[in-house]
Amino acid sequence: MLAPAFIRHLYIRFYQRIVFKDRLSMLPSASCPRTSLPRLPWLLACLFFALLVAGCSSGPVMTTTPSGSPETRVEQPARKTNWGHLPGWSRDQPMAAWSAFQESCTRLKRKAAWKGVCHDARSVDPLNALAIQNFFESRFTPYRVTNSDGSATGLITGYYEPILRGSRVRGGPYQTPLYQYPKYWKRHTHVGPTRAELMRSGDLNGTELVWVDDPVEAAYLQIQGSGRVEMTDGSTMRVAYAGTNNQPFQSFARRLIDRGEITPAEATLPGVRDWARRHPGQVEDMLNVNPRMVFFRELKGSEALADTSGPVGALGVPLTSERSIAVDPNEIPLGAPVFLSTTQPLSNQPLQRLMVAQDTGSAVKGAVRADFYWGHGDAAGEAASRMKQRGEMWVLMPNN
């Protein structure tokens, strides 16, 4: 909101330029009360100010909720707009994102800015598409997200939850370990040896969490940060990120492309896995291109959830396939609905739908930047690994 002193300043500048251009020395100072000004210029100034405020509805604004916490504010300049400016909004089915939004409300309902909409959302029929669309349109305002340089497009990538096969005991095809975080390392501050150095040293011996049957799938699991392991006894182990050696990430797929070993279209899990089967003696060297090592922990009890649920994201709720995204929480409030306009992987076919910001990622930095959660399994992995599209984003904020 503009301060009263600033409003008076706007009036006086208007008064100076329009009414008494040749009598500047006779004007009141910026601190004088507005009642001391002539009536006609004051009315004109009010009209000027009203037009100024109206113009702000399509200009840069800061959206800050009453709490002002990182979870409930948009840091980057955003442009307030209307629903008709969201490409594909009328063709989307917000009902598909309703369960994801309800999951967000389990965390957001404690925050002043979200308490009202989350409370009222409980009375909306989850099977009534029109009621859900009307709820969003009546209770939220869309803001087009822009980058710090004023641009409104950014990179949209994809991720998924891998499904591996494993055993708690090494044997047979189960020769590739997933490691737990070393107890003797200091979390978040320790810069450890590279992956190649760790593999040679044997320092991780005894920290194996589970043994899986495919080193390439294990490497992709490290990129995704969480996944499922179907065990030999028929059970499913869910594993989650526990830390890294704090080495920088380097893409082994990129290295294979640069060496002409695979094409860009083959830079997917199936493509790299096929290359590994043709070159078994080079797999370890290929994986050592990436110096980063990711460690895992086993999710148990309520953390593990049902097999049909997605992994738990940074917000602390299960992700919803094709309706959850990872964002930079310094730019987009975690839990907020976000309308995304991009294209299908390696395609110009529009992908325009309501998503919910429920996760983060180390590579997801910036305002117009998102990671699209595709779900779990090979099909999701194929889509995720191919997705590197340009896109636009609109964050929906409650009308408080």
Side-chain angles (χ1 to χ4, degrees), residues 76 86-89 91-101 103-104 142 144-145 147 152-163 220-228 241 249 251 253 264-265 267-270 309-315 317-396:
Q76 282 292 340
L86 276 59
W89 169 256
R91 295 187 298 274
D92 187 30
Q93 295 292 330
M95 184 172 69
W98 188 248
S99 61
F101 174 66
E103 289 285 0
S104 283
R144 186 173 188 178
V145 182
N147 297 306
T153 63
L155 178 64
I156 311 298
T157 52
Y159 70 119
Y160 75 111
E161 184 183 28
I163 300 179
Y220 271 86
L221 176 65
Q222 293 198 35
I223 296 174
Q224 303 305 313
S226 64
R228 311 181 192 195
Y241 172 90
F249 171 80
S251 172
T268 63
L269 172 57
S309 300
V312 175
L315 183 63
V317 301
L319 304 181
T320 300
S321 300
E322 301 186 39
R323 290 291 173 169
S324 294
I325 54 173
V327 299
D328 184 342
N330 293 317
E331 313 290 353
I332 303 293
L334 274 182
V338 176
F339 189 79
L340 175 67
S341 178
T342 183
T343 51
Q344 296 281 352
L346 298 180
S347 166
N348 291 323
Q349 181 181 352
L351 176 60
Q352 298 168 328
R353 63 182 59 170
L354 182 63
M355 310 294 292
V356 186
Q358 296 178 319
D359 204 4
T360 61
S362 59
V364 183
K365 300 297 181 186
V368 189
R369 176 72 174 93
D371 218 3
F372 187 103
Y373 175 65
W374 282 97
H376 62 269
D378 288 347
E382 181 81 4
S385 60
R386 293 179 181 275
M387 189 169 194
K388 193 174 184 181
Q389 318 296 116
R390 302 299 295 177
E392 301 170 276
M393 297 163 59
W394 289 258
V395 62
L396 311 187

Tell me whether T343 contacts the main-chain N or O of N348 through its side chain, where contact means a donor paired with an acceptor under 3.5 Å. no

Has the side chain of D371 got a donor or acceptor atom that lies under 3.5 Å from a matching backbone atom of I325? no

Do S226 and E161 get their side chains close enough for a donor-acceptor pair, meaning under 3.5 Å? no

Please determine which of L155, T153, I156 meets the side-chain contact (heavy atoms from CB on, under 4.5 Å) test together with T342. I156

With Y159, which residues qualify under ring-ring contact (aromatic ring centres under 6.0 Å, His included), at least two apart? Y373

Test R323 against L354 for side-chain contact (heavy atoms from CB on, under 4.5 Å), laying out the working first. CA-CA 7 Å; R323 290 291 173 169; L354 182 63; 4.1 Å; yes

In terms of heavy-atom contacts, A326 and V364 come closest through O-CG1, 3.7 Å

Grab the two heavy atoms, one from A253 and one from Y220, that are nearest each other, plus how far apart they are. CB-OH, 4.4 Å

Is a side-chain N or O of Q389 found less than 3.5 angstrom from the main chain of L346, in a donor-acceptor match? yes

Should R369 and E331 count as an ion pair when the cut-off is N to O under 4.0 Å? no

Check the pair Q352 / D92 against side-chain contact (heavy atoms from CB on, under 4.5 Å), numbers first and verdict last. CA-CA 7 Å; Q352 298 168 328; D92 187 30; over 6 Å; no

Determine yes or no for a side-chain-to-main-chain donor-acceptor pair under 3.5 angstrom, with Q358 supplying the side chain and A100 the backbone. yes

For the pair M387 and L351, evaluate side-chain contact (heavy atoms from CB on, under 4.5 Å) and give the outcome as yes or no after the intermediate values. CA-CA 11 Å; M387 189 169 194; L351 176 60; 3.8 Å; yes

Which heavy atom of V368 sits nearest a heavy atom of G391, and at what distance? CG1-O, 3.5 Å

Working note: S341 + W394, criterion side-chain contact (heavy atoms from CB on, under 4.5 Å); need CA distance, chi angles, decisive distance, verdict. CA-CA 9 Å; S341 178; W394 289 258; 3.8 Å; yes

Ring pair (Phe, Tyr, Trp, His ring centres under 6.0 Å) partners of residues 334-356, not counting sequence neighbours, each pair once: W89-F339

